Visitor: 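The structure that follows is given in the form of structure tokens.
Keep in mind that this is a model prediction, so the values were computed, not measured. Each ligand, and each atom within it, is numbered from 1 in the order the structure gives.
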Amino acid sequence: MAEKSYNHAKIEKKWQEKWEADQLYRAVIDKSRPKHYALTMLPYTSGDLHFGHWYPMAPSDARARFKRMNGYNVLFPIGFDAFGLPAENAAIKRGIHPKEWTYKNIENMRRQLRGMGTMFDWEREAISADPEYYKWSEWFFIQLYKKGLAYRKMSPVDFCPNCNTTLAREQVWGEDRHCERCGTPVIKRDLDQWFFTTTQYADELLDFSHLDWPDRVRTLQTNWIGRSEGASVIFKTEKDEHDIEIFTTRPDTLWGATFMVFSPEHPLVGAITTPEHQAEVEAYQAQAARQSDIEREATDKEKTGVFTGGYAINPVNNERIPIWIADYVLMTYGTGAIMAVPAHDERDFEFARKFGLPIIPVIQPESEPDFDGDTMEVAYIGPGRMVNSGAFNGTTVNDEKGRKNPGIAAVIDWLEQKDIGKESVNYRLRDWLISRQRYWGAPIPMIHCPQHGWNPVPEDQLPVVLPDDVEWKPTGESPLKLHPTWKDVPCPVCGEPATRETDTMDTFMCSSWYHLRYLSPDYDEGPFDEAEYNYWMPVDIYTGGIEHATMHLIYTRFFHKALRDMGITEGPEPMLQLRNQGIILGEDGEKMSKSRGNVVAPDKLVTQYGADALRAYMMFAYRWQEGGPWNSQGIGGTMRWLRRVWTLFTDPIAAPSGAKPPKSVLRVLRRKLHQTLKSVTGDFEQFEFNTIISSLMELMNEMYKVREAGAAGSKEWAEALDVYLRMLAPVCPHMAEELWTEHLKKPYSVHQQPWPKFDAEAAAEDEITIPVQVNGKLRDRVTVPADASEEDIKAVALASEVIQKHLEGKKPRKVIVAQKRLVNIVI
Ligand SMILES: [Zn+2]
Ligand SMILES: [Zn+2]
């Protein structure tokens, strides 16, 4: 049975089949053991697994296996994010139905995932395009709608003219505002769309106190949500007294507002513009519409703008101030109108100087001579006292934000009293736009009746199934809209003819809850079986890419919190711990992409080297959090290591030799073994996979050495072989199983063995080396027995020739031994 040479292809196939037949990785509720829900981001069904999948998954699998050996009942499921545009684009391009394309890809990806030697529990597979799955995506939509968390609104939205669909704000990327999927610059369109009220959860989403998530993700989410405290204030137009609401973080500077600036798209522009300014205003509006938001907001850009001819009244002092429009004010942030305080805001200052508008300082620092608006060279942003501000003159303004700033607090109280403004918080976060004008997605389960407006599809009629008989017209429009009968349906209220919503949901809706579907993918009484939820949730560790920080990772938190408020889920957060891997680049150091031709395909490498070698190499070659460029040459080194491990276990030299090895050799072996066990254990906990492999390599070298010194045949040698394979098992599951079962003849399976027990005494060093300082300067190092007393250490340190030289014959005033780690001699 036992093979002489390392035949990875044979071994890997053999064990994958046996594990599957034995359901070795089946995860079922077992209340006698602590649970561990390890989740790795589910792949999109693009067709082929590439290193972008292997790199997060293989180490995550190794860690899940490690947890399992540590006594946890581990759930490590997998599924497919199966809806979305690429399927539809493939359909249009190649004439294949998206369903066929998707499910064929899934078939291939399943084979590849199995080939990785992962411990996925395939009984729990969930596919978001299955009607059994999207029935519940629809059901969730209806629950959100009933709770008032889903609403429909006409609004200007980002639209990709190439993908022919709207995009969530999170899917618009880069300075040029291009489509995340296809790179086409997005345009604005006014459309009736469905939204989820993510903004209602903005404050709660800023609370990370229940999460062990990387700082970078927390910062990205915090900035994305963009909370700022201040006041909203109502100005009025001079003509017709229209209300103009503005938001400001600096209500303490209201007396310095000398003009207002509107976004060119502000709805009041038409009403306030006087006839003599109309042509100029319209030309400016047209010009602004052609630019992207980022271009418009760029701080280094020369300020442009035009006067509308209209005026507003500053409510704090009844001053008449001119209204301008300028492209640096965006409709999508705040209210689309700002009060301009040039003395204390850099952008407003630049604008005022360029167009000769008045500058009135209203904050004066003690340390500087009184500001003069005509001669100020830059805006003043710092603290001071309020001036030119009526009754508020003399009030202190510090660097704090919101009510913590006495000037701001005093003005907010006064505004509220006079009913011209109120304390207010502004967010950068927008509600989540979820309508997509595409076919291959979960239908939005809503029906429109001319009499009764929008109503949800009755729950007993779910799922609203996507029709298979669809065709794609050259207009690029969604086939659901063009389908002759699908949208015709009776109104759920009156039974008269009504129309289905033909938009489908953003696929991020489907992936916001997939971790719940894994709990019971066949369950039909609800989205998940409560017993499974109560045992497995929350997710203990979530692994995947940081590119999801402001999309999926916000959506899924929002989703969990919204469901919690409906009594469907429990607890503050869905995923307690998050770790992000880095990115594997092409061999040229660039991002892997088909168009660059630098994509390294794993299948070929699996055939050549085996899954175990590839798993080990992925873990060894990079710090997992960092990633780096791919280097095919590197696998050679990993492969050599595995062959040497193989030989160590199968070479006949390892057989008992009869000769008794010296005690010191066995002591060295046990010390190295348990030191390695300690560091490998810690590294698994900390996701430091590369040092796991290097530690195992070092230990192997040591084992070769002590074997040569006659250690084979001893019980210490047997222990080393046993512990080595248990440590190897999570990394190279096939090889470890083969050597364990077939060569050591130990009971199947190595993956059901407990993690080895660490022996601190064995790991302790016989001797320790301690640095010695004289008057705080490092002068020497001394080596003492590990169990030496403080007095012994002092004596050895003082006896050192080097130290004696530095003492220059003087008697030290003090000798301090700090925890056997440092000796300091004071003279
Ligand atoms: Zn696009
Ligand atoms: Zn009706």
Visitor: What number of protein N, O or S atoms occur at distances under 2.8 Å from the Zn ion (ligand 2)?
Guide: 4
Visitor: Take the Zn ion (ligand 1) as the centre and count protein N, O or S atoms at distances under 2.8 Å.
Guide: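 Number of qualifying protein atoms: 4.
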Visitor: Out of the candidates Leu480, Thr502, Thr504, only one should pair with Tyr439 under the side-chain contact (heavy atoms from CB on, under 4.5 Å) rule; please name it.
Guide: Leu480
Visitor: Would you call Asp468 and Lys99 a salt bridge, using N to O less than 4.0 angstrom?
Guide: yes
Visitor: With distance as the sole criterion, is a donor-acceptor pair present between the side chains of Glu587 and Asn598 under 3.5 Å?
Guide: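 Note: Glu587 and Asn598 side chains miss the donor-acceptor criterion.
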Visitor: Do we get Arg579 above Trp624's six-membered ring, with its NZ or CZ under 6.0 Å from the centre and within 45° of the axis?
Guide: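 Output no; distance or angle outside limits.
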Visitor: Verify, without hydrogens or angle tests, whether Arg189 (side chain) and Asp158 (backbone) share a donor-acceptor contact under 3.5 angstrom.
Guide: no
Visitor: Less than 3.5 Å apart, any donor N or O on the side chain of Ser228 or Asn426 sitting next to an acceptor on the other?
Guide: no
Visitor: Say whether, by atom type as modelled, one donor and one acceptor occur between the side chain of Thr556 and the main chain of His552 under 3.5 angstrom.
Guide: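 Not confirmed, Thr556 side chain does not pair with His552 backbone.
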Visitor: Decide whether Tyr284 and Thr304 meet the rule of one side-chain donor and one side-chain acceptor closer than 3.5 Å.
Guide: yes
Visitor: So does Glu471 have more than 12 non-hydrogen atoms from other groups sitting under 6.0 Å from CD?
Guide: no
